[in-house]
Visitor: 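The structure is given below, and queries will be raised subsequently.
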Amino acid sequence: MSQLPLRVSSETAAVLHEAHHTITARFAYDRYGLYEYVRSVAERIARVDAFHVGLLHGTNRIRFVYGHEDPVSRAYPPNGQVAWVVRHKQTYRVSYDNGAALRAEGDAVDVVTVPLFRRDRTGGRRLFGMLSMYCSVPDAFDDDAVHAFEWLAGLVARVLARHQEDLEALRLLPGETPGLASSSTRDPVVEYLASRVASLRRTAEDVLVGGEMTLAAAHLQQVVTSCAEIQSELAEMSLRADDGPEQRFLALTPAEQRVALLVADGLNNQRLAQELGISANTVKTHLKNILRKYAMDRAQVAEDVQRHLVR
């Protein structure tokens with residue numbers, strides 16, 4: 001079924017046409033650059049005082065990969081706008097609940113938070129993040145702006161999905177591929193590095209406040225920008241590593257999942273057969289399929305399943 005044309009003004013449509021060309025040509029793999037550019041496009045459509053990109057992490061957490069000083073994973077309040085979008089799977093606007101969800105999270109006057117979706121293995125839509133545009137004046141975002149933001153969010157989601165698909169394709173190649181987050185990446189390590197980078201960034205920003213734009217200040221500004229880029233990259237590296245165990249486990253058949261859970265408990269093949277009431281040959285077949293799908297040895301599979309269970 002064909003989709004209806006986007007209901008925006010001709011001026012907004014022109015901005016979006018330009019954005020589509022620029023994003024697809026320049027920002028296929030530059031994630032921080034993508035977020036910076038999308039913010040600039042949003043600011044051409046309406047007044048935007050703050051712009052955040054958040055990616056969901058686990059069942060009740062979100063990591064802001066753009067727009068926050070510290071892109072650490074944090075639990076979102078059950079009555080805030082993130083939870084609202086997670087529940088309703090649609091754009092949040094202040095008029096929908098008289099601003100109740102917005103007041104639960106901050107002091108902005110107007111906000112639009114647009115969900116980011118990608119296709120799951122069954123062909124359905126999976127919510128994986130959101131874009132938020134904030135303004136300190138009321139009624140800043142009319143229907144024209146909201147429709148444009150939703151279109152931009154769809155474009156961002158497709159760019160991110162293509163990047164993820166490319167990463168998955170690279171993982172099929174033997175050997176290490178530069179630039180990919182290792183399955184051994186640990187969230188605390190990334191959190192620690194992100195906090196150190198955030199500290200460096202704040203130091204540079206403090207020096208810049210009220211200072212003249214000398215050569216030293218120009219170098220410090222580059223430090224601030226570089227820190228912001230590194231923070232975004234670290235946050236997304238952690239998210240890819242966090243998402244891996246769940247995706248690998250869900251790729252197993254139900255029978256293979258039962259075997260994998262017992263492997264994670266440390267059971268040998270004989271105990272596996274006894275616990276599941278199946279033959280030793282069937283156990284071996286399931287294990288062979290599991291190891292092939294994970295591309296890991298038995299000990300690594302056990303560790304990976306444990307990581308899935310504690311999320």
Side-chain angles (χ1 to χ4, degrees), residues 1-56 62 64-67 80-102 105-106 108-119 124-164 232:
M1 183 175 65
S2 61
Q3 293 182 313
L4 295 174
L6 190 68
R7 292 175 295 167
V8 296
S9 67
S10 57
E11 293 82 2
T12 297
V15 172
L16 296 180
H17 273 288
E18 179 186 336
H20 181 272
H21 174 75
T22 303
I23 288 172
T24 54
R26 293 174 50 193
F27 298 114
Y29 295 99
D30 179 3
R31 305 291 268 273
Y32 185 82
L34 170 65
Y35 303 144
E36 284 272 277
Y37 180 73
V38 171
R39 173 177 182 155
S40 72
V41 173
E43 290 172 342
R44 293 173 62 186
I45 295 169
R47 172 175 168 175
V48 177
D49 295 327
F51 176 81
H52 296 161
V53 181
L55 301 181
L56 296 175
I62 189 166
F64 289 100
V65 298
Y66 181 90
Q81 55 178 316
V82 174
W84 192 98
V85 172
V86 170
R87 282 196 303 271
H88 296 278
K89 304 291 190 300
Q90 69 177 60
T91 297
Y92 171 78
R93 299 179 69 174
V94 171
S95 60
Y96 291 167
D97 67 350
N98 227 9
L102 174 61
E105 293 184 357
V109 176
D110 201 5
V111 65
V112 175
T113 295
V114 186
L116 297 173
F117 293 101
R118 67 184 178 203
R119 294 290 177 186
R125 293 198 311 169
R126 177 188 177 192
L127 176 67
F128 72 94
M130 52 199 72
L131 305 182
S132 294
M133 282 62 62
Y134 296 85
C135 189
S136 57
V137 298
D139 303 320
F141 305 126
D142 58 14
D143 289 347
D144 183 82
V146 173
H147 294 155
F149 294 158
E150 290 175 332
W151 186 91
L152 277 172
L155 179 57
V156 169
R158 290 192 296 275
V159 171
L160 297 183
R162 283 195 295 270
H163 189 190
Q164 186 63 34
S232 181

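Throughout, numbering of the chain's residues begins at 1 and tracks the sequence.
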Visitor: Of all the heavy-atom pairs spanning Cys135 and Phe141, show the shortest one and how long it is.
Guide: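 Smallest interatomic distance, heavy atoms only, reads CB-CZ, 3.7 Å.
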Visitor: How long is the straight-line distance from CG of Leu34 back to CG of Leu160, given to the nearest 0.5 Å?
Guide: 6.0 Å
Visitor: Evaluate the salt bridge (charged side-chain N to carboxylate O under 4.0 Å, His left out) criterion for residues Arg93 and Asp143: first the C-alpha distance (whole Å), next the side-chain angles of each, then the deciding distance (0.1 Å), finally the verdict.
Guide: CA-CA 10 Å; Arg93 299 179 69 174; Asp143 289 347; 2.8 Å; yes
Visitor: Does any non-hydrogen side-chain atom of Leu6 lie less than 4.5 Å from one of Thr12?
Guide: no
Visitor: State, with a plain yes or no, whether a side-chain heavy atom of Asp110 is found less than 4.5 Å away from one of Pro138.
Guide: no
Visitor: Quick one, Phe51 with Glu36, criterion side chain to side chain contact (heavy atoms under 4.5 Å, CB included). Give me CA distance, side-chain angles, the key distance, then yes/no.
Guide: CA-CA 9 Å; Phe51 176 81; Glu36 284 272 277; over 6 Å; no
Visitor: Quick one: does Val82's side chain get under 4.5 Å of Tyr92's, heavy atoms only?
Guide: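 SC-SC contact between Val82 and Tyr92 ruled out.
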Visitor: Taking all heavy atoms of Val111 and all of Val94, pick out the closest pair and write down the distance.
Guide: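 Looking at all heavy atoms of both residues, the closest pair is N-CG2, 3.7 Å.
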Visitor: Apply side chain to side chain contact (heavy atoms under 4.5 Å, CB included) to Leu16 and Leu155, showing your working.
Guide: CA-CA 10 Å; Leu16 296 180; Leu155 179 57; over 6 Å; no
Visitor: Is a donor on one side and an acceptor on the other found under 3.5 Å between the side chain of Asp144 and the backbone of Ser9?
Guide: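 Present.
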Visitor: Would you please name every residue forming a salt bridge (Lys or Arg N to Asp or Glu O under 4.0 Å) with Glu43, sequence neighbours left out?
Guide: Arg39
Visitor: How would you list, by chain and number, every residue that makes a salt bridge (Lys or Arg N to Asp or Glu O under 4.0 Å) with Arg44, sequence neighbours excluded?
Guide: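 With sequence neighbours excluded, Arg44 shows a salt bridge (Lys or Arg N to Asp or Glu O under 4.0 Å) to Glu18, given in chain and number order.
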Visitor: Is there side-chain contact between Val114 and Met133, with heavy atoms separated by less than 4.5 Å?
Guide: yes
Visitor: Let me see the working for Met130 and Ile62 under side chain to side chain contact (heavy atoms under 4.5 Å, CB included), right down to the final yes or no.
Guide: CA-CA 10 Å; Met130 52 199 72; Ile62 189 166; 4.3 Å; yes
Visitor: Report the residues that fulfil side-chain hydrogen bond (donor to acceptor under 3.5 Å, both in side chains) with Thr22, sequence neighbours left out, ordered by chain and then residue number.
Guide: Tyr37
Visitor: Sequence neighbours excluded, which residues qualify as salt bridge (Lys or Arg N to Asp or Glu O under 4.0 Å) partners of Asp139?
Guide: none
Visitor: So which heavy atom on Ala46 is nearest to which on Phe149, and how close?
Guide: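 In terms of heavy atoms, the two residues are closest at CB-CZ, 4.3 Å.
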Visitor: Could you report the tightest heavy-atom contact between Leu152 and Ala19, atom names first, then the distance?
Guide: CD2-CB, 4.3 Å
Visitor: Can you classify the ring geometry of His52 versus Tyr134 as parallel (below 30°), tilted (30 to 60°) or perpendicular (above 60°)?
Guide: tilted
Visitor: Rounded at 0.5 Å granularity, tell me how far CD1 in Ile45 sits from NE2 in His147.
Guide: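 Rounded to the nearest 0.5 Å, the CD1-NE2 separation comes out at 12.5 Å.
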Visitor: Give every residue pair that meets the salt bridge (charged side-chain N to carboxylate O under 4.0 Å, His left out) criterion with at least one member in residues 7-16, sequence neighbours excluded.
Guide: none
Visitor: Parallel, tilted or perpendicular: which fits the ring planes of His20 and Trp151, with parallel below 30° and perpendicular above 60°?
Guide: tilted
Visitor: Rounded at 0.5 Å granularity, tell me how far CG in Leu102 sits from OG1 in Thr113.
Guide: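 Atom-to-atom, Leu102:CG and Thr113:OG1 are 8.0 Å apart.
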Visitor: Taking all non-hydrogen atoms of both residues into account, name the closest pair between Pro115 and Leu127 and its distance.
Guide: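 Residues Pro115 and Leu127, closest heavy atoms: CB-CD1, 3.4 Å.
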Visitor: Could you walk me through whether Arg47 and Val137 pass side chain to side chain contact (heavy atoms under 4.5 Å, CB included), step by step?
Guide: CA-CA 9 Å; Arg47 172 175 168 175; Val137 298; 3.5 Å; yes
Visitor: Parallel, tilted or perpendicular: which one describes the rings of Tyr66 and Tyr32, with boundaries at 30° and 60°?
Guide: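 Answer is tilted, since the angle falls between 30° and 60°.
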Visitor: With sequence neighbours left out, write down each residue that passes side-chain hydrogen bond (donor to acceptor under 3.5 Å, both in side chains) with Asp142, or none if nothing qualifies.
Guide: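 Partners of Asp142 under the side-chain hydrogen bond (donor to acceptor under 3.5 Å, both in side chains) test: none.
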Visitor: For residues Leu131 and Val156, report the shortest heavy-atom separation together with the two atoms involved.
Guide: CD1-CG2, 4.4 Å
